[in-house]
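Working notes for the structure below.
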Amino acid sequence: MQNFPIIVTTGRKPTEADHARAEYAAETLGGRVVPRRSDSVAAISEKYGAPVIVVARDDTIVLEEANDTMFFHPSMAHVRLKNIRLHGAADHLITALDIKPGQSVLDCTLGLGADAIVESYAVGEKGQVVALEASPLIAIAIGYGLAHHNGENNYDTVSAMRRVQVVNADYRDYLKSLPDKSFDAVYFDPMFRHPMEKSVALSPLRELAEGSPLDEDSVKEACRVARHRVVMKEAWYSKEFARLGFTEFSGGKWSKVRYGIIRVDK
Ligand SMILES: C[S@@+](CC[C@H](N)C(=O)[O-])C[C@H]1O[C@@H](n2cnc3c(N)ncnc32)[C@H](O)[C@@H]1O
């Protein structure tokens with residue numbers, strides 16, 4: 001999690017819009033805007049003791065560190081939506097959640113937003129997707145992208161993106177605040193307990209993500225909040241499914257990930 005000052009800047013040749021977006025980000029995050037001039041991100045990081053810098057540039061909000069960048073891009077979701085639309089292919093997440101147009105989903109782990117966009121497409125214009133993200137930096141970068149990116153100029157992708165309601169909150173608190181049976185489905189995609197790609201180096205950007213394991217109490221709360229199903233994504237071999245009471249599964253035959261399902265309407 002982030003335990004350093006929040007520093008916001010612009011690109012090297014900022015427009016008026018970049019300045020305005022930087023102010024918006026600083027105000028939302030309780031951070032400080034510093035001038036970019038010709039400084040590198042590494043130099044700004046060192047000067048202010050902030051390993052990750054929030055940068056307003058290229059019509060969006062990007063998180064940058066010396067050697068890595070995190071920004072919203074709808075490409076993964078776009079490919080999944082195309083498969084559903086053009087080839088009628090079932091999306092394993094939608095099958096697991098068993099959601100239909102007009103229904104509602106609480107996505108407890110927004111991350112880069114791909115799953116939330118696919119859920120939003122599945123529930124359609126009359127449905128609702130609320131997506132929670134514990135990291136304020138990830139929430140603003142991905143939330144801004146969902147609200148403003150042109151989504152490959154595709155109407156279905158863009159409208160699905162725009163309907164995702166991002167909330168910067170920890171699901172351990174947020175779930176407790178919700179009434180019984182207030183969403184059709186509740187979804188968790190926590191950071192894998194044992195990452196599959198051991199070669200991925202831990203960087204300050206990756207460390208922004210909340211990495212605590214899903215807890216039994218939150219699963220219990222999710223079962224109270226859901227009318228229909230609670231779903232968790234994990235590695236196919238994960239012991240988390242058994243530990244947390246997910247006994248039914250869905251997912252591709254050859255896929256490295258599985259969706260564990262708890263039916264609460266049985
Ligand atoms: C594996 S990613 C989710 C990926 C996402 N499903 C997607 O399609 O991009 C997990 C995300 O959930 C967030 N997260 C983890 N624990 C959380 C919690 N207790 N409350 C809210 N967000 C949490 C992490 O910060 C991280 O951004």
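Whatever order the structure lists ligands and atoms in, that order sets their numbers, starting from 1. Just so it is clear, the values below take in all heavy atoms, side chains as well, and ignore hydrogens, waters and symmetry mates.
In terms of protein heavy atoms, atom 12 (O) of ligand 1 is closest to T109 CB, 3.2 Å. Summary of contacts: the protein heavy atom closest to atom 23 (C) of ligand 1 is A134 CB, 3.8 Å. For atom 19 (N) of ligand 1, the nearest protein heavy atom (residue, atom name, distance) is D170 OD1, 2.9 Å. The protein heavy-atom contact nearest to atom 17 (C) of ligand 1 is Y171 CE2, 3.4 Å. The nearest heavy-atom contact from the protein to atom 16 (N) of ligand 1 is E210 CG, 3.2 Å. For atom 5 (C) of ligand 1, the closest heavy atom belonging to the protein is L110 O, 3.3 Å. For atom 13 (C) of ligand 1, the closest non-hydrogen atom on the protein side is E133 OE1, 3.4 Å. The protein atom (non-hydrogen) at minimum distance from atom 8 (O) of ligand 1 is D115 N, 2.9 Å.
Taking the charged nitrogens against the carboxylate oxygens, E234 and R258 have no contact shorter than 4.0 Å, which rules out a salt bridge. D18 has no carboxylate O lying under 4.0 Å from a charged side-chain N of R57, or vice versa, which leaves the two without a salt bridge. With salt bridges taken as basic N to acidic carboxylate O contacts below 4.0 Å, none links D215 and R172.
The proximity of M76 to ligand 1, defined as any non-hydrogen pair under 4.0 Å, does not occur for either the backbone or the side chain. Within the 4.0 Å heavy-atom criterion, the part of A169 lying near ligand 1 is the backbone and not the side chain. Within the 4.0 Å heavy-atom criterion, the part of C108 lying near ligand 1 is the backbone and not the side chain.
Screening L175, V186, V230 for a side-chain contact (heavy atoms from CB on, under 4.5 Å) involving C223 leaves a single residue, V230. Each of L93, I99, L106 was evaluated against Y187; a single residue qualifies, L93, per the side-chain contact (heavy atoms from CB on, under 4.5 Å) test.
Within ligand 1, the atoms closer than 4.0 Å to a non-hydrogen atom of A209 are 24 (C), 25 (O), 26 (C), numbered from 1 in the order shown. Short contacts between ligand 1 and R172, defined as distances under 4.0 Å to a heavy atom of the residue, involve ligand atoms 19 (N). Annotation for ligand 1: atoms under 4.0 Å from non-hydrogen atoms of L112 are 7 (C), 9 (O). Shown in contact with A114 at under 4.0 Å from a heavy atom are these atoms of ligand 1, numbered in order with element: 7 (C), 8 (O), 9 (O).
A donor-acceptor contact shorter than 3.5 Å links the side chain of S104 to the backbone of D184.
The heavy atom nearest to atom 10 (C) of ligand 1, out of those in D215, L137, D189, is found in D189.
A131 approaches V164 most closely through the heavy-atom pair CB-CG1, 3.9 Å.
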Residue pair I44, I7: steps toward the side chain to side chain contact (heavy atoms under 4.5 Å, CB included) verdict: CA-CA 9 Å; I44 297 176; I7 300 298; 4.1 Å; yes
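With no hydrogens or angles considered, a side-chain donor-acceptor pair links H228 and D98 at under 3.5 Å. H78 and T157 share a side-chain donor-acceptor pair at under 3.5 Å.
Under the 6.0 Å cut-off for aromatic ring centres, F249 and F241 qualify, their centroids lying closer than that. Aromatic rings of F72 and Y144 (six-membered ring for Trp) have centroids beyond the 6.0 Å cut-off, not under it.
Taking any N or O of G113, backbone or side chain, at least one lies under 3.5 Å from an N or O belonging to ligand 1. Residue L208 has no N or O atom closer than 3.5 Å to an N or O atom of ligand 1.
Residue contacts with ligand 1: I142 is excluded, as none of its non-hydrogen atoms falls under 4.0 Å.
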